[in-house]
Amino acid sequence: MDKINLADKFSKITEYWKPYIAGELNGQMVKLDKLKGEFVWHHHANEDELFLVVKGRFRMELRDRHIWLEEGEFLTSGWKRENSF
């Protein structure tokens, strides 16, 4: 078991929209990504998502509303819930 330093991992990500696998837990991948701009509407057929804002702010678009996340906040999205950002 090794600890993960988020600042170190993020410093190695040089491209936007290219997820980096930082670890695995119970068959699920823990991915880190740098986002910039908008993303298309989508959902995942077999996985839930957790969005944690480490730096900056993030606007999650849902079909019925939007949610702003600030640094240190997170939300989860179920596997069939459409979202965009």
Side-chain angles (χ1 to χ4, degrees):
M1 177 174 13
D2 294 317
K3 66 181 180 177
I4 305 292
N5 182 290
L6 289 177
D8 179 57
K9 293 294 185 185
F10 273 112
S11 73
K12 295 175 181 171
I13 298 174
T14 59
E15 297 178 55
Y16 293 104
W17 304 108
K18 189 171 184 179
Y20 171 84
I21 298 171
E24 292 187 42
L25 176 69
N26 296 325
Q28 297 285 322
M29 291 180 281
V30 177
K31 297 178 185 178
L32 304 178
D33 203 354
K34 290 182 178 180
L35 310 178
K36 186 174 185 176
E38 296 182 17
F39 196 65
V40 298
W41 285 99
H42 72 285
H43 71 277
H44 297 274
N46 298 311
E47 58 190 23
D48 296 329
E49 294 179 290
L50 180 141
F51 295 90
L52 167 66
V53 177
V54 175
K55 183 177 178 182
R57 61 194 314 227
F58 176 79
R59 180 178 161 142
M60 171 66 73
E61 297 285 338
L62 305 172
R63 288 294 182 189
D64 60 343
R65 62 190 166 110
H66 67 268
I67 302 168
W68 276 105
L69 295 176
E70 304 294 337
E71 289 183 15
E73 296 180 329
F74 75 89
L75 65 79
T76 58
S77 180
W79 59 281
K80 285 192 173 182
R81 177 113 192 204
E82 264 191 313
N83 62 67
S84 181
F85 34 89

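Since this is a predicted model, take the numbers as computed values, not measurements.
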Distance in Å, [X] [atom1] paired with [Y] [atom2], rounded so as to fall on 0.5 Å steps:
{"X": "Lys31", "Y": "Glu24", "atom1": "NZ", "atom2": "CD", "answer": "10.0 Å"}
{"X": "Lys9", "Y": "Ile21", "atom1": "NZ", "atom2": "CD1", "answer": "11.5 Å"}
{"X": "Gln28", "Y": "Leu50", "atom1": "CD", "atom2": "CG", "answer": "11.0 Å"}
{"X": "Leu52", "Y": "Glu73", "atom1": "CG", "atom2": "CD", "answer": "10.0 Å"}
{"X": "Ile67", "Y": "Arg59", "atom1": "CD1", "atom2": "CZ", "answer": "10.5 Å"}

Check whether [X] and [Y] end up in the same hydrophobic cluster, where Ile, Leu, Val, Met, Phe, Trp and Tyr are linked by side-chain heavy atoms less than 4.5 Å apart.
{"X": "Leu6", "Y": "Leu25", "result": "no"}
{"X": "Val30", "Y": "Phe74", "result": "no"}
{"X": "Leu62", "Y": "Leu69", "result": "yes"}

Could you check whether any side-chain heavy atom of [X] comes within less than 4.5 Å of a side-chain heavy atom of [Y], counting everything from C-beta outward?
{"X": "Leu75", "Y": "Met60", "answer": "yes"}
{"X": "Phe10", "Y": "Leu32", "answer": "yes"}
{"X": "Arg57", "Y": "Glu71", "answer": "no"}
{"X": "Phe51", "Y": "Phe58", "answer": "yes"}
{"X": "Lys18", "Y": "Ile13", "answer": "no"}
{"X": "Leu35", "Y": "Trp17", "answer": "yes"}

### Message
The criterion is side chain to side chain donor-acceptor pair (under 3.5 Å); which residues satisfy it with Lys36, sequence neighbours excluded?
### Response
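By the side chain to side chain donor-acceptor pair (under 3.5 Å) rule, Lys36 matches no residue at all.
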### Message
Under the rule for side chain to side chain donor-acceptor pair (under 3.5 Å), what residues qualify as partners of Asn5, not counting sequence neighbours?
### Response
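If we apply the side chain to side chain donor-acceptor pair (under 3.5 Å) test to Asn5, skipping adjacent residues, there are no hits.
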### Query
What pair of heavy atoms forms the shortest contact from Ile4 to Ala22, and how long is it?
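Looking at all heavy atoms of both residues, the shortest contact is CD1-O, 3.6 Å.
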